[in-house]
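First the structure, in the form of structure tokens, and then the observations on it.
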Amino acid sequence: MNGAQLLVKTAKKAGIELCFANVGTTELPIVLALDSESGMRAILGLFEGVCTGAADGYGRMRGKPAMTLLHLGPGLANGIANLHNARRAKTPLVNLIGEHATWHRAADPPLAADIEALAGTVSGWQKTNQSPAALSCDMAEAITASMYGQIATLIVPNNYQWEECTVSEIATPQFSFAPIDRRSIEEAARIMQSSKKAGLIIGGRALRKRGLHAGAHIKAMTQCDVLTTTFPSYIERGTGLLDVKQIPYFPEPAIDMLSRYETVVLAGAKEPVTFFGYSGIPSRLLTDKAQRVEIATDRQDVVEALEYLAGTVGATLDSTIPSNILTEPARPDMPQGDLTAEKVCLTLAAIQPENAIIVDEGLTTSLTYYPLTAGLPPHAFLTVAGGSIGYGMPCAIGAALACPEQPVINLQADGSAMYTIQALWTQAREALDITTLICSNRSYQILKVELAHAGITSIGSNTLSLIELDRPPIDWVKIAEGMGVPAVAVRTAEELAKELRKALADPGPHLIELALAQSSN
Ligand SMILES: Cc1ncc(C[n+]2csc(CCOP(=O)(O)OP(=O)(O)O)c2C)c(N)n1
Ligand SMILES: [Mg+2]
């Protein structure tokens, strides 16, 4: 067995079955090993940002890592923007990066780069492998590290991948959470119960059913509000679940929402801050007086911590939650007429099926979507956790591969779509059940909104040139069809409803261009 085979065997034994890859000569032994190990599936992304975004989507849905295989420093560099989103989403993710042969590095060949420096910008764990025999332990260590919700990057010199090695045992990941800190959770319970108004901000794994269930019990016992960050990585949402309120994107409404809390308990979420620094507005959204209490670190199980908090405030987890705490079924009515951002959200909410996975990178078009969805049939909702655009289409790939029984709907802003548009080709090649709704407002609309927010009323030609996307207009139907994805353009809510229903009834990828009425600001 060579080093590459040892590495892939270790990954497979740990349950990794997918490899999102874009490779070159330095990864070829690992590529060959993907064929020598049965049950491994290689997925080609035509840009590394597609591979890393797909691995992010997979990891968010499954809560366990997929791996990427990327080519040297430049390949990793191309993948970093979406690794940034994965880092913010606390996604378990393992990167394998091929490196030049150790003896060749000194010659400084053209593709040589400082891979470790690049990896360091996003990785919670990283290592450059030092011998073929160590590859099993290194890989198991990488997988273990990723399970805490971080990116683990293993850099593997090409000669160590090729070299034969004898290893008697395949290493297995040794993952376990650190024990929760009961005393600090008891203190949090005491503060919550004595405070006039408490908020519980939950994130990460706490946004899945078990965490939401504990959150609902805590709300029932303490009358606290339960909130999440503006860009949650993954939340289960819909009828019968706790309606977790989303902290707004813009600072004024966010401050308005958060200023009412005397106490804020953080469970799997960081203290909320504004997305950008706005002159005259503090970075931190909580008031100075508000007491902050964190009940779990990234090394601890936030769900266990929440359940302990629920018990401490007097809840019995297997008792029935009062019905006013959980959401009742509610769907908005279908809108009519020319599509606007609001009508896109209403139409989607009126139609989306149970178990849908909504990958949201709709930006200004999807601003009004989340509040419509608390009473819809249960579904999953994923957002651009690190704000680095170009995440939606790749993320949809990973989500579809992770959960092939669930339809994926990607609400996708047009400017952001163009960053990783090659994702459509992978969606077609792998016949993934993804419906992409392109929000074609033909501009970087959010930048116009930000300019208006800053009080700028007249916009010069250079500024407009960097914000408008209408010259030439992008033909989404042709782009999609050119990559093997059937596509159609719609102008009205009625047409969207018809085409969305059709796309959902036909497994496989579809793209619908939503021609949005041009906004005047
Ligand atoms: C990698 C990266 N580059 C640039 C930006 C800055 N940026 C934020 S939103 C945006 C444009 C968004 O336009 P679009 O995707 O069409 O959404 P819209 O605002 O029109 O709803 C840009 C360029 C970013 N967040 N991430
Ligand atoms: Mg746009």
Side-chain angles (χ1 to χ4, degrees), residues 1-21 27 29-43 51-52 54-56 58-70 83 86-87 90-99 119 123-157 160-180 204-205 208 297-304 398 401-403:
M1 185 163 31
N2 66 23
Q5 289 165 329
L6 178 61
L7 181 155
V8 172
K9 206 174 246 324
T10 308
K12 180 71 201 337
K13 190 174 171 203
I16 292 183
E17 293 177 332
L18 275 186
C19 179
F20 296 102
E27 295 76 35
I30 298 177
V31 171
L32 296 175
L34 292 173
D35 270 326
S36 60
E37 191 62 39
S38 72
M40 286 300 284
R41 184 168 170 194
I43 309 285
C51 303
T52 53
D56 181 17
Y58 181 95
R60 291 192 201 190
M61 292 309 301
R62 284 279 183 100
K64 66 174 203 176
M67 63 188 186
T68 70
L69 179 59
L70 307 173
L83 288 173
R87 179 175 79 86
K90 296 190 184 156
T91 305
L93 196 159
V94 174
N95 289 314
L96 296 175
I97 316 291
E99 166 63 302
S123 308
W125 179 99
Q126 72 181 78
K127 194 172 200 175
T128 299
N129 163 259
Q130 302 295 330
S131 79
L135 274 168
S136 188
C137 285
D138 287 353
M139 186 63 191
E141 227 185 288
I143 297 167
T144 303
S146 77
M147 297 294 288
Y148 291 100
Q150 56 183 357
I151 293 168
T153 302
L154 179 59
I155 302 163
V156 192
Y160 296 160
Q161 299 173 38
W162 283 119
E163 267 174 44
E164 288 297 312
C165 55
T166 45
V167 175
S168 51
E169 220 183 315
I170 304 295
T172 49
Q174 304 294 318
F175 172 77
S176 65
F177 283 117
I180 57 169
R205 293 170 54 260
R208 289 160 194 260
T297 66
D298 287 346
R299 293 270 140 180
Q300 295 166 331
D301 182 351
V302 65
V303 177
E304 189 189 345
L401 284 161
C403 305

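Any value given below was found using the heavy atoms of this structure, including those in side chains, with hydrogens, waters and symmetry copies removed.
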Which heavy atom of Gln161 sits nearest to which heavy atom of Gly98, and what is that distance? NE2-CA, 4.0 Å
Any side-chain heavy-atom pair from Tyr58 and Lys64 closer than 4.5 angstrom? yes
Candidates Val156, Leu154, Leu6 - the one meeting side chain to side chain contact (heavy atoms under 4.5 Å, CB included) with Met139: Leu154
Within the distance-only criterion (no hydrogens, no angle test), does the side chain of Tyr148 pair as donor or acceptor with the backbone N or O of Ser176 below 3.5 angstrom? yes
Could you tell me if Thr128 and Gln130 have a donor-acceptor pair between their side chains, going purely by distance under 3.5 Å? no
Test side chain to side chain contact (heavy atoms under 4.5 Å, CB included) on Ile151 and Ser123 and set out the steps. CA-CA 5 Å; Ile151 293 168; Ser123 308; 4.1 Å; yes
Heavy-atom distance under 4.5 Å between the side chains of Cys165 and Met1, does that happen here? no
Backbone of Gly3 reached by a side-chain donor or acceptor of Glu163 within 3.5 Å: no
Hey, are the side chains of Trp125 and Val94 touching, using non-hydrogen atoms and a 4.5 Å cut-off? no
Would you say Glu169 has more than 12 foreign heavy atoms packed within less than 6.0 Å of its CD? no
Taking Glu17 for its side chain and Met40 for its backbone only, find out whether a donor-acceptor pair lies under 3.5 Å. no
Check the pair Glu27, Leu96 against side chain to side chain contact (heavy atoms under 4.5 Å, CB included), reporting the backbone distance first and the verdict last. CA-CA 9 Å; Glu27 295 76 35; Leu96 296 175; over 6 Å; no
Reference residue Thr10; test side chain to side chain contact (heavy atoms under 4.5 Å, CB included); the match among Ile16, Ile170, Val167: Ile170
Can any side-chain N or O of Arg299 pair as donor or acceptor with the backbone N or O of Ala178 at less than 3.5 Å? no
Are any side-chain N or O atoms of Glu99 and backbone N or O atoms of Ile155, one a donor and one an acceptor, separated by less than 3.5 Å? no
